[in-house]
Amino acid sequence: MKRIIAILLVGAVVFSFAACTKTEDSQQSDITTTTQPQTSQTTKAPQVTTTKPPETTTSAQTTVITNPFAEKMEISWLCGTYTSHLYEEGRWDEVELEERFNVELDLWNILIHSGQMEQVEMMLAAGDVPDFGFYYKDGFALYEQKLARTVPEKFIRQYMPSLAAMYDENPLIWRFNKEEGQEGEYYGLNMVLDTYVRSDNVPLWNLDWLENLGYELNDLVACQYPQEGFHDQFNGSLYFSDTIFNIADVSEIFQAFTEDDPDGNGVDDTFAYPESNSMYERTIYGMFGFDKNNSLYYKDDLTGNVVPYYAHTYYRDYLIWLNEMKEKGYVTGLPGLDTAVNELASSLSTGKYGFFNMRISRINTNYGNDVGTWPPMTILNNIDSSARFVITPYMGENGGLIPYGYTPAASNRAFVFGGEVSDAKMARILQLYEYTCFSDDWMRYRYGIEGVHYKWSGEPFQSALVFTPLDKIPKKYAGTVDMGQFGNTNFHIGTGATMNYEPTYLQWYDYYYDRFTQSDLLLRPYKLYDRSTMPNDTYEEFRLLYTETSPQVFAVRKDFEARTGKGEISNINTEWSQYLDQLYAAGLEDWIEIWNSDDIMTYEELVTPG
């Protein structure tokens, strides 16, 4: 641990210089904040494969027992998103694994957080990496810097066969993080992401307000919570409906929320929603058919070109609509004195807004540390304990929900091996992870011991987990942070594990996928910027072009957005052609030449087997 502290101190000097060169408008990640993504559409327990027992060799005279773990190994480890920096060594699960696999595990106390990468960057700047870990870094880039090594497919199949079987069931995953020109070599262990078949951002409405205004919603079903522990307080507060509002409906409802006294207090003090100009408007711009993600490209039927969202006709229509909502006072702004996220949470918690762009992980869940700062919980706890809310599928004629991710694997969603890791040590790590992620005891190393750290509220793997508070766990099995540093759900098929079997998520998923298909609900791009969709030389060609010209392109976009937001553009339709000309002149024309080419496969070609 002293060595890691020294790395951070030395790296701080390097990072202070690196921070100054950070580009202003880096490509936004479409996957950000879940702690443990994985894939598929079932909540059953995963198939399990236990660690292979020691082999025996028999002869006519003797029986020789071969111990595959005879040599003791020291393994440095960096896993545990949002918790690794707080972990204290020597916890019971670490000790169990050290004894079983004859290893000394050294979990580095470095923060792994997609939005706070400073400690990881300092570690890399110091030229040091753990033997094994996940820390939101592209395995190819680490390999090019000689900080990581590749893992052979034959090793995955031999020492972590359950993971190989899962990849075989989802063969597209084998295409990610694969070393080009080398058969069967990978830059890391791909996470199995179910994020491309679900959304984390959903439209949430004040159901009481809608009913007060005369709106009737179809197929209204209440979310059922365990009648004990943390979740019991939410029974009767959340509903699901399959009603899809078109854009005209939304405009009408926003007007009524603002002008027709939906809370019945006789005071003109209500609005539709506060704009933050951030990813928290995903359900709003998703209503127009696009995601504000710089890795996605859409084909514009008007021009025939494959373009980023801000050069697409749908974006123009979105700006026109939003400008109108703001001019009429239905959509308000934020004070601008704190971060947009903090101000958005505070504004929505006042009980004066009827529409919420909400992450489902924050809706009546025990999932994250900041859930209690967002509605509905803040409204239920502080304003109206009887308030009711409803989730609808999506909005808009061309709309859809924005998925939390777009592929079943990703270049920066892989567990990587350090450049100095030997084949023998790699085999030991894979054997350990096969055990903690796929054995009959996999829950033990992700969530803890049933009856000690958690219990099921109903049928196992089909119901919510009820967690024991940390201060109520017996000292023998207690720790400073929740479980999951040595086991995870990143390789599991069961979608419930993605959200810790939270009832809001489980029932939301079941409700909507009983009524809609993935293609009905989710937006998809025409093309995707990823190494999996193009040759390496094309990827590098665009990366260099993007680095060179994106500041100019973004400057044009930001100027247009700012003038639109301030009401300085009286007719967006009139100025749209001029805006496109400026984007093209700034470098977008060269981008389009690459994106229009057949060198880059379409998204449909990527995800369609065969």
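All values below come from the heavy atoms of this structure, side chains included, with hydrogens, waters and symmetry mates left out.
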| query | Are the aromatic ring centres of Y273 and W205 under 6.0 angstrom apart? | reply | no

| message | Whether the N201 and S199 side chains hold a donor-acceptor pair (N or O, under 3.5 Å, no angle test) is what I'd like checked. | response | no

| task | Answer yes if the side chains of D208 and N212 hold a donor-acceptor pair under 3.5 Å, and no otherwise. | result | no

| query | To the nearest 0.5 Å, how far apart are OG in S349 and CD1 in I383? | reply | 7.0 Å

| query | Any cation-pi pair here, R557 with Y310, using under 6.0 Å and within 45°? | reply | yes

| Aromatic ring proximity W576/Y579, centre distance under 6.0 Å | yes

| Side-chain touch T283/M287, heavy atoms, less than 4.5 angstrom | no

| Pair E281 + K292, salt bridge at N-O below 4.0 Å | no

| query | Above 12 or not: heavy atoms from other molecules or residues under 6.0 Å from CD of E397? | reply | yes

| Is the shortest side-chain N to carboxylate O distance from R282 to D200 below 4.0 Å? | no

| Do Y584 and N305 have a side chain donor and acceptor closer than 3.5 Å? | yes

| Parallel, tilted or perpendicular, as decided by the 30° and 60° cut-offs, for the rings of F257 and F254 | parallel

| task | For a side-chain contact (heavy atoms from CB on, under 4.5 Å) with Y285, tell me which candidate from Y315, Y314, Y318, Y309 qualifies. | result | Y318

| query | Is K137 paired with E121 through a side-chain N to carboxylate O contact shorter than 4.0 Å? | reply | yes

| Does R524 make a cation-pi contact with Y526, if we ask for NZ or CZ under 6.0 Å from the ring centre and within 45° of the axis? | no

| field | Pairwise side-chain contact, W321 with S251, heavy-atom cut-off 4.5 Å (strictly under) | value | yes

| request: Identify the residue among N293, D291, D530 that makes a side-chain hydrogen bond (donor to acceptor under 3.5 Å, both in side chains) with Y406. | output: D291

| task | Name the orientation class of the two ring planes belonging to Y353 and F271 (parallel below 30°, tilted from 30 to 60°, perpendicular beyond 60°). | result | tilted

| request: Run the salt-bridge test on K352 and D263 with the 4.0 Å N-O cut-off and return the result as yes or no. | output: yes

| Are the aromatic ring centres of Y546 and W591 under 6.0 angstrom apart? | yes

| query | CG/N323 to OG/S570 distance, rounded to the nearest 0.5 angstrom? | reply | 10.0 Å

| query | Using the benzene-type ring in the case of Trp, are the ring centres of F230 and F234 under 6.0 Å apart? | reply | yes

| field | Pairing of R563 and E575 as salt bridge, 4.0 angstrom limit | value | yes

| field | Modelled atom types, side-chain donor and acceptor of D482 and T83, under 3.5 Å | value | no

| Aromatic ring pairing F542/Y297, orientation class (parallel under 30°, perpendicular over 60°, tilted between) | perpendicular

| field | E216 CD: over 12 foreign heavy atoms closer than 6.0 Å | value | no

